[in-house]
Number of protein chains: 2
Amino acid sequence: MDESAPSLRYAAAKQPQVATAKGERTRELILETALRLFYERGWRKTTMRGIAAEAGVSLGNAYYYFHSKESLIQAIYAQSHEEHMAACQGVLATEISFGARLQGVMKAKLDTLARYHSFAGVLFATAADPRSPLNPWSEASAAVRRQSIALFAEVVAGSDARIPKWLRPELPGLLWTYHMGIILFWVHDRSPDRRASYQLARRTVELINQLVALARVPLLRPLVQSVLALLGEIRAAA
Amino acid sequence: MDESAPSLRYAAAKQPQVATAKGERTRELILETALRLFYERGWRKTTMRGIAAEAGVSLGNAYYYFHSKESLIQAIYAQSHEEHMAACQGVLATEISFGARLQGVMKAKLDTLARYHSFAGVLFATAADPRSPLNPWSEASAAVRRQSIALFAEVVAGSDARIPKWLRPELPGLLWTYHMGIILFWVHDRSPDRRASYQLARRTVELINQLVALARVPLLRPLVQSVLALLGEIRAAA
DNA sequence: AACACGATTTGAACACGTTCAATATCGAGC
DNA sequence: GCTCGATATTGAACGTGTTCAAATCGTGTT
């Protein structure tokens, strides 16, 4: 059973630390070429041999920098994450209201993801495998996840919203989960320019705004308590 | 771009209709062997050659019945679905309360899935790819999905719950989506005997019960309207 | 200049998923 | 019993992801 013994493929997976400037250039050349070919030909029709040939390096060299075809996706994923962080700076610096901040962050996410849509399905598919380093709960993507959750914490912290005290520690993680849900929808979104995803994000952010406000209503106290207890349990289990 | 032109791999994908009893036996032999090997060796370490050898047929013969390694997973998925439908008959015939019915159906789901856990990750991973026939929104799995949603409709219809009129048409689909979410958790669940998943299902079903009751409270009318409008839009987009 | 040594690069080799033309098997109709 | 067509089965071949021992490069040291 390859559950108890994690497959070699996903073990450790330390990429060699690129040590020289030349190496760094080669690495980036391969990554850019891969990105272009994925875009032009799609994931399946792009081969490691094709990437190597197009980049003008040998097959083995590509594997020196990326220990698998999937790890190229992981690198691209990390890159898109950087882009998103950068794209958020504007709204986070200027907007004050919780809703506007969250709207801005979500729109930035969809904007920065746009160019990856044609092969994002693969990203999500490999990410869904519990043993994949791309899976959001894995060790390998922990750094990105932490940064991402911190981003949502910043959305909350920098806003004027009056968040109930008990909700504060949970909210960033919840928003992160929510944003993963939106991405899941986006991956499957076939509407022109992914308009449906933008609309869904806009509407759900409004909804979240209402929910956060409602959380203070006394009538909902028992429900809120249930949800809180549940979150605690999930956290304990994971 | 392999998005506009669906990959050959996932196109049509008509399995040859098995015409003779002998053919049917061979098909089942291969499927059983595959299931056993996936369980014993895991997904990656099980090869099509290994399955064919263990089943005593040729490699090509295995491909005659299952056009890809993934389609074996699809067949196993369909099988587990059958098991779940059967396992639900009891509760659905005897229980009256909405909560108890939903609890029973969810518990049956986790029970019937249990034996597939060691390689369920792959199932979910391939299912997450928008172009995979395993993906719940795809044409290939439409039959299973429809049956599954009908099951949740039956959960509602056979219960004494007083569901608000406007919620009735949406509820089965919502419950189906919810149950997919639980499965997603289950796939990643590493607790002994997947106890965390059982607990999560139990707690969330209670929560859903409360939510359904709350949906009648006048104060929540605007929120409920928003959610409804949103659901309508999502449906229109998909 | 020669050397050492790690970083980088190469290409051949392997195992696997998949395809396919060719062959074998079987049952129905004569 | 024989033939024919559909069904079932075979195994060789292809392209792909991945591994690895060997070759090469670059740089600091003697």
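Per chain, numbering begins at 1; letters A, B, ... match sequence-line order. Just so it is clear, the structure is predicted and the values come from calculations on it, not from any experiment.
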Using only heavy-atom distances, decide whether a donor-acceptor pair under 3.5 angstrom links the side-chain of B/R49 to the base of C/dG17.
yes

Which label fits B/W176 and B/H179: parallel for a plane angle under 30°, tilted from 30 to 60°, or perpendicular past 60°?
tilted

Run the side-chain donor-acceptor check on residues 29-36 of chain B: report pairs under 3.5 Å with partners two or more places apart or on a different chain.
unit_1	atom_1	unit_2	atom_2	d
B/T33	OG1	B/L29	O	2.7
B/R36	NH1	B/E40	OE2	3.4
B/R36	NH2	B/E54	OE2	3.4

Compare the minimum distances between each of C/dC16, C/dT9, D/dG17 and the side chain of B/T47, then state the nucleotide with the smallest one.
C/dC16

If you pin B/A62 and A/T46 to their nearest nucleotides in DNA chain D, which one's is more 5'?
B/A62

Round to a whole Å and report the spacing from CZ of B/R44 to P of C/dA15.
19 Å

Atom NZ of B/K69 and atom C1' of D/dG17 are separated, to the nearest Å, by 13 Å

Let me know the distance between CD of A/E24 and C1' of C/dT9, rounded to the nearest Å.
17 Å

Over its full length, what angle do the end axes of the helix from C/dA1-D/dT30 to C/dC30-D/dG1 make, each axis taken from five pairs and the result rounded to 10 degrees?
20°

B/Y65 side chain N/O closer than 4.0 Å to the phosphate oxygens (OP1, OP2) of D/dT9?
yes

Which residue, B/G56 or A/G60, contacts DNA chain D at a nucleotide closer to its 5' end, judged by nearest heavy atom?
B/G56

Between B/Y64 and D/dT10, does any side-chain N or O lie under 4.0 Å from OP1 or OP2?
no

For D/dA8 and B/T26 - does any side-chain N or O of the residue sit under 4.0 Å from the phosphate oxygens OP1/OP2?
no

If the cut-off is 4.0 Å, is B/K22 near the phosphate of C/dG27, judged by side-chain N/O to OP1 or OP2?
no

Pick the closest DNA chain C nucleotide for B/M48 and for A/N61 by heavy atoms, then say which residue is nearer the 5' end.
A/N61

Measure the distance from NZ on A/K45 to P on D/dG15 and round it to the nearest whole Å.
16 Å

Which nucleotide in the list C/dT18, C/dG11, D/dT9 gets nearest to the side chain of B/S58?
D/dT9

